[in-house]
Engineer: 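After the structure tokens below, expect a handful of questions from me.
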Amino acid sequence: MRKLWIAGNWKMNMGGREGIELLKEMRNSLSGSKVDVGIAPPFTLIPHASEILADSGILLGAQNMFYEEKGAFTGEISPSFLLDFGVNFVIIGHSERRKIFGEDEELIKKKVKKALDVGLLCILCVGETLEERERGETKEVVKRQVLSALEGLPSLKGLTIAYEPVWAIGTGKVATPEQACEVHAFIRELIKEDIRILYGGSVKPENARGLLEKEEIDGALVGGASLKVSSFSEIVRIAEEVW
Ligand code: PEP
């Protein structure tokens with residue numbers, strides 16, 4: 001069994017002083033976990049997080065990055081800025097970036113390549129919308145997203161894929177373990193590599209066990225429930241029990 005990874009995506013929340021307190025609480029509660037634990041706070045917290053989480057074993061993540069090193073790219077964040085603060089992983093291709101910020105497959109491919117090239121762990125998010133699922137296009141969409149993002153990569157070392165059905169993100173509607181497993185098995189068959197495939201979409205303490213118990217599911221990318229120590233720690237505790 002691959003080591004489970006529970007990664008929290010704070011999105012555009014807790015980026016100010018309250019986030020510093022939350023990071024300290026997370027550190028106290030989650031240091032030395034048996035499974036991999038990661039937190040991706042907003043960029044403004046990364047320098048603080050790098051100090052607060054140092055030597056805790058908790059991986060520090062970024063929610064996005066650009067694929068160039070430096071230059072006239074107003075508002076963007078270079079991978080080397082992240083590395084400077086000891087960031088371990090970056091989330092690329094989240095459905096909110098695809099939908100709200102118009103990130104297309106070409107851009108996502110460049111970001112994934114750059115992240116892996118500079119030695120960051122990369123969580124590539126893929127997943128279908130509700131309309132696509134209802135039209136029976138789930139596998140077609142996921143296949144296109146996965147293959148286009150990985151095209152031309154010499155190796156998948158450092159890559160993790162998060163299957164995040166868009167209809168399950170932030171909606172409270174979680175995919176059933178069977179629905180998730182079907183897509184995870186499909187992705188595994190597609191890439192034929194022993195990388196981790198996480199599930200994301202309304203994971204909470206109440207539904208985490210059913211998902212994490214499945215052999216096809218190697219962990220979770222957690223949005224809303226990663227904003228409270230109680231719920232995030234509970235998901236990590238369940239992962240430790242299951243692993
Ligand atoms: C996410 O944004 O990656 C996510 C899974 O969010 P939530 O857990 O809130 O659905």
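Counting starts at 1 for both ligands and their atoms, following the listed order. Numbering starts at 1 and runs along the sequence shown.
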Engineer: If you count the atoms of ligand 1 from 1 in the order shown, which ones are under 4.0 Å from a heavy atom of Leu221?
Structural biologist: 3 (O), 5 (C)
Engineer: Which of the atoms of ligand 1 are close to Gly224, meaning less than 4.0 Å from one of its heavy atoms?
Structural biologist: 7 (P), 8 (O), 9 (O)
Engineer: Is the contact between Ile169 and ligand 1 made by the side chain, the backbone, both, or neither, using heavy atoms and a 4.0 Å cut-off?
Structural biologist: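 It is both parts that get close, each with some atom under 4.0 Å.
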Engineer: Look only at interatomic distance and state if His94 has a nitrogen or oxygen under 3.5 Å from any nitrogen or oxygen of ligand 1.
Structural biologist: yes
Engineer: Going by heavy atoms, is Ala220 under 4.0 Å from ligand 1?
Structural biologist: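 For ligand 1, residue contact (heavy atoms, under 4.0 Å) with Ala220 is absent.
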Engineer: Apply ring pair (Phe, Tyr, Trp, His ring centres under 6.0 Å) to residues Trp10 and Phe232 and explain how you reach the verdict.
Structural biologist: CA-CA 11 Å; Trp10 288 9; Phe232 194 56; 8.6 Å; no
Engineer: Can you list the ligand 1 atoms lying under 4.0 Å from a non-hydrogen atom of Ala168?
Structural biologist: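 Result: 10 (O).
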Engineer: Do Ile197 and Leu116 belong to the same hydrophobic cluster, where Ile, Leu, Val, Met, Phe, Trp and Tyr are linked whenever their side-chain heavy atoms lie under 4.5 Å apart, directly or via other members?
Structural biologist: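 Yes, Ile197 connects to Leu116 through the hydrophobic network.
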Engineer: Is it the case that ligand 1 has an N or O less than 3.5 angstrom from some N or O of Ser202?
Structural biologist: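 Right, the criterion is met.
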Engineer: Look at ligand 1 and say whether Lys204 reaches it with a heavy atom at a distance under 4.0 Å.
Structural biologist: no
Engineer: Do me a favour and list the nearest non-hydrogen protein atom to atom 8 (O) of ligand 1 with residue, atom name and distance?
Structural biologist: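 I find the closest protein heavy atom is Gly223 N, 2.8 Å.
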Engineer: With atoms numbered from 1 as shown, which atoms in ligand 1 lie under 4.0 angstrom from a non-hydrogen atom of Gly170?
Structural biologist: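 The atoms of ligand 1 under 4.0 Å from a heavy atom of Gly170 are 7 (P), 9 (O), 10 (O).
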Engineer: Which residue is it: Ile191, Val112, Ile92? I am looking for the one with a side chain to side chain contact (heavy atoms under 4.5 Å, CB included) to Leu159.
Structural biologist: Val112
Engineer: Indicate the ring-plane relationship of His184 and Tyr163, choosing parallel, tilted or perpendicular according to the 30° and 60° boundaries.
Structural biologist: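 Taking Tyr163 first and then His184, their aromatic rings stand perpendicular (interplane angle over 60°).
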Engineer: Could you tell me whether the side chain of Asn9 reaches within less than 4.5 Å of the side chain of Val222, counting heavy atoms only?
Structural biologist: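 No, too far: nothing below the 4.5 Å cut-off.
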Engineer: Pull out every atom of ligand 1 sitting under 4.0 Å from any heavy atom of Asn9, numbered as shown with elements.
Structural biologist: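 The atoms of ligand 1 under 4.0 Å from a heavy atom of Asn9 are 2 (O), 3 (O).
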Engineer: Could a heavy atom of Ala225 be found less than 4.0 Å from some atom of ligand 1?
Structural biologist: no
Engineer: Are Ile108 and Leu147 connected into the same hydrophobic cluster when the rule is that any two of I, L, V, M, F, W, Y join if their side-chain heavy atoms are below 4.5 Å apart?
Structural biologist: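 Same cluster: Leu147 reaches Ile108 through Ile, Leu, Val, Met, Phe, Trp or Tyr contacts under 4.5 Å.
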Engineer: Which residue and atom name correspond to the protein heavy atom nearest atom 5 (C) of ligand 1, and how close is it?
Structural biologist: Glu164 OE2, 3.1 Å
Engineer: Would you say ligand 1 has an N or O under 3.5 Å from any N or O of Gly200?
Structural biologist: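 Gly200 vs ligand 1: no N/O contact under 3.5 Å.
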Engineer: Pairs of nitrogen or oxygen atoms closer than 3.5 Å, one from Val222 and one from ligand 1: do any exist?
Structural biologist: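 Not met; the criterion fails.
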Engineer: Glu240 and Ser33: side-chain donor and acceptor closer than 3.5 Å?
Structural biologist: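 Short answer, yes.
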Engineer: Return the minimal non-hydrogen interatomic distance between Leu211 and Ala175, and the atom names on each side.
Structural biologist: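 What the structure gives for the nearest pair is CD2-O, 4.0 Å.
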Engineer: Is it the case that Glu151 and Ser148 place a side-chain donor and acceptor less than 3.5 Å from each other?
Structural biologist: no
Engineer: Using the side-chain hydrogen bond (donor to acceptor under 3.5 Å, both in side chains) rule, pick out the option among Arg2, Lys3, Arg196 that qualifies with Asp218.
Structural biologist: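 Among Arg2, Lys3, Arg196, the one that satisfies the side-chain hydrogen bond (donor to acceptor under 3.5 Å, both in side chains) with Asp218 is Arg2.
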Engineer: Any idea which atoms of ligand 1 are less than 4.0 Å away from a heavy-atom of Gly201?
Structural biologist: 5 (C), 10 (O)
